[in-house]
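Each remark here refers to the structure printed beneath this line.
Below, read A as the first sequence line, B as the second, and so on, with proteins coming before strands; counting in each chain starts at 1. These figures come from a predicted structure and were not determined experimentally.
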Number of protein chains: 2
Amino acid sequence: MHKAYDDPQTAGVALEHALLVSLRERPATGIELTRRFDRSIGFFWRATHQQIYKVLRRMESEGWVTASAGDARSTERRYAATKAGERVLADWIGSPTPAATMRSDLAVKLRGASYGDRSKLLGHLDDLVAEHRTRLAHFEQLEHEQFPHTDGLSGHDLDTWLVLRGGIKQEQFWIEWLTEYTAAHRKATP
Amino acid sequence: MHKAYDDPQTAGVALEHALLVSLRERPATGIELTRRFDRSIGFFWRATHQQIYKVLRRMESEGWVTASAGDARSTERRYAATKAGERVLADWIGSPTPAATMRSDLAVKLRGASYGDRSKLLGHLDDLVAEHRTRLAHFEQLEHEQFPHTDGLSGHDLDTWLVLRGGIKQEQFWIEWLTEYTAAHRKATP
DNA sequence: CTCACTTGTGCAACTAGTTGCACAAGGCGT
DNA sequence: ACGCCTTGTGCAACTAGTTGCACAAGTGAG
């Protein structure tokens, strides 16, 4: 009748799973999840509150999460993962992920720079590098505060640290690449 | 009447612009563009042929490109950028780009690994690292073949090389991060 | 010649995510 | 007690991209 969504090949659809991870760490309302996505989890996934509410409702109707009225006589709905949700998450984590490809506006601009105003682009790139440096500094401070010694880490704590490391490496990637780009062009056309 | 799409703030919508870049390099049919996206340009942007045809039609109706019957008595349509399209592209290249955030399934899995089968995940990560090493080798070979000496490069050639450098750095990022992840966990739980 | 195969184009139906807005409930200042 | 701000939830309309399929025209093998 309707297009079933239980194709076992399905690999994408990560927002559901990201929410399940967050809810397993600790039950939360929609807005709390939004704020988490703006913070620690946010450097590898981003979502608006509207999208999060929509997806939470769908997950509830599929039985992956339950909602309970948190603070009485409020409209607040506090979500938690169900056993079914935990199983869905575990299955997904164990499934293979295709290698990521980049999908970056900026790379398109760099490739096409000779069809536009290169000096203006180079100016924007300076701003971007500065922004990435700020984010890098922020992440490094988080690492310093939350993981002062990393030798004994294991399990979920180790995961959290290593994902933060990924955020740091990602910022370093951008800084290096964009710096190489601007330097090469400023050297070629002084 | 209808929702106008000429908001100057619009920053996303990169497929149009990626196609314009490709068409300025050389006019092409839909399928040729698809193949280019599977190759050189493909390591920073990916699109299906259906999506490309759809967007080309829209760009044609907006006057950014023109189509001409390439090989006579065939259904083939060969596209080229118009002056208007060139202007749109130039404007876009000169506009600021927000800093990219990651948006990666895999990062979610790494963060949530303790809620699934970690040894299975580590196995998949080994496969992914192997795949990224293969792609890295491929990109490095491209660099070696197409840019044997990079000292005198400037303009569009320099852009092409630097974007390829970005692809290489991106692959290195993945290899380093995933290797760090698997090594740390295998050390923590031998 | 004809049948299977490839190439190039495209539609239809769907999922995912964005943008703009609405509205209810509680807190707070004056 | 009144207006105003913040918090939390959510709908509506839209853009972007994916998946599955169709179909016409040329190509090559038996």
Side-chain angles (χ1 to χ4, degrees), chain A residues 1-19 28-38 42 45-62 65 67-79 98 101-105 108, chain B residues 1-19 28-38 42 45-62 65 67-79 98 101-105 108:
Chain A
M1 215 63 191
H2 59 301
K3 190 54 168 294
Y5 195 80
D6 39 21
D7 181 350
Q9 300 296 82
T10 315
V13 200
L15 180 53
E16 268 94 340
H17 305 290
L19 290 172
T29 66
I31 221 70
E32 285 167 7
L33 287 166
T34 306
R35 282 196 287 257
R36 286 185 205 170
F37 273 61
D38 285 342
W45 203 267
R46 177 96 17 202
T48 61
H49 68 97
Q50 293 96 326
Q51 178 69 1
I52 287 173
Y53 284 122
K54 209 190 311 186
V55 169
L56 282 171
R57 286 288 185 171
R58 179 165 69 229
M59 291 166 73
E60 189 186 10
S61 81
E62 281 169 337
V65 298
S68 57
D71 211 341
R73 82 192 181 295
S74 160
T75 51
E76 194 183 86
R77 295 166 59 82
R78 182 158 300 267
Y79 289 93
T101 85
M102 212 168 167
R103 182 57 65 104
S104 156
D105 286 25
V108 177
Chain B
M1 215 64 190
H2 59 302
K3 190 55 168 297
Y5 195 79
D6 39 22
D7 180 350
Q9 300 295 83
T10 315
V13 200
L15 179 53
E16 267 92 341
H17 305 290
L19 290 172
T29 66
I31 221 69
E32 284 168 6
L33 288 165
T34 305
R35 282 197 286 257
R36 286 186 205 170
F37 274 60
D38 284 343
W45 203 268
R46 178 97 16 202
T48 60
H49 68 97
Q50 293 95 328
Q51 178 69 2
I52 286 173
Y53 285 121
K54 209 188 315 185
V55 170
L56 282 172
R57 286 287 184 173
R58 179 165 70 229
M59 292 167 74
E60 187 185 11
S61 81
E62 281 169 338
V65 298
S68 58
D71 211 341
R73 81 192 182 294
S74 160
T75 51
E76 193 184 87
R77 295 166 59 81
R78 181 159 299 267
Y79 289 93
T101 84
M102 210 166 164
R103 183 58 64 103
S104 157
D105 287 23
V108 178

Calculate the interatomic distance between [X] atom [atom1] and [N] atom [atom2]; express it in whole Å.
{"X": "L19(B)", "N": "dA16(D)", "atom1": "CG", "atom2": "P", "result": "13 Å"}
{"X": "H17(B)", "N": "dG17(D)", "atom1": "NE2", "atom2": "P", "result": "11 Å"}
{"X": "L33(B)", "N": "dT7(C)", "atom1": "CG", "atom2": "P", "result": "17 Å"}

For E60(B), give me all partners under side chain to side chain donor-acceptor pair (under 3.5 Å), at least two apart in sequence or on another chain.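 For E60(B) the side chain to side chain donor-acceptor pair (under 3.5 Å) partners, ignoring immediate neighbours, are R77(B).
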
Report yes if at least one side-chain N or O of Q51(B) is closer than 4.0 Å to OP1 or OP2 of dT18(D); otherwise report no. no

If the condition is side-chain contact (heavy atoms from CB on, under 4.5 Å), which residues does [X] pass it with, not counting sequence neighbours?
{"X": "A28(B)", "value": "L23(B), E32(B), L33(B), R36(B)"}
{"X": "Q50(B)", "value": "T48(B)"}
{"X": "S104(A)", "value": "M102(A), L106(A), A107(A), W174(A)"}

For the pair R46(B) (side chain) and R103(A) (backbone), establish whether a donor and an acceptor sit closer than 3.5 Å, ignoring hydrogens and angles.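 Not confirmed, R46(B) side chain does not pair with R103(A) backbone.
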
For DNA chain C, whose closest nucleotide is more 5', that of R103(B) or that of K54(B)? K54(B)

Nearest nucleotide by nearest heavy atom, which residue falls closer to the 5' end of DNA chain D, R58(B) or Q50(B)? R58(B)

Measuring from the side chain of T48(A) (C-beta onward, heavy atoms only), which nucleotide among dG17(C), dG17(D), dT18(C) has the closest atom?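 Of all the options, the side chain of T48(A) is nearest to dT18(C).
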
Atom pairs under 3.5 Å, N or O on each side, protein against nucleotides 7-9 of chain D: can you list them with distances?
{"residue": "dG8(D)", "atom": "OP2", "partner": "R35(A)", "partner atom": "NH1", "Å": "3.0"}
{"residue": "dG8(D)", "atom": "OP2", "partner": "R35(A)", "partner atom": "NH2", "Å": "3.4"}
{"residue": "dT9(D)", "atom": "OP1", "partner": "R77(A)", "partner atom": "N", "Å": "2.9"}
{"residue": "dT9(D)", "atom": "OP1", "partner": "R77(A)", "partner atom": "O", "Å": "3.4"}
{"residue": "dT9(D)", "atom": "OP2", "partner": "G30(A)", "partner atom": "N", "Å": "3.3"}
{"residue": "dT9(D)", "atom": "OP2", "partner": "I31(A)", "partner atom": "N", "Å": "3.0"}
{"residue": "dT9(D)", "atom": "OP2", "partner": "Y53(A)", "partner atom": "OH", "Å": "2.7"}
{"residue": "dT9(D)", "atom": "O5'", "partner": "Y53(A)", "partner atom": "OH", "Å": "3.3"}

Could you tell me which residues satisfy salt bridge (Lys or Arg N to Asp or Glu O under 4.0 Å) with R58(A), sequence neighbours excluded, listed by chain and number? E16(A)

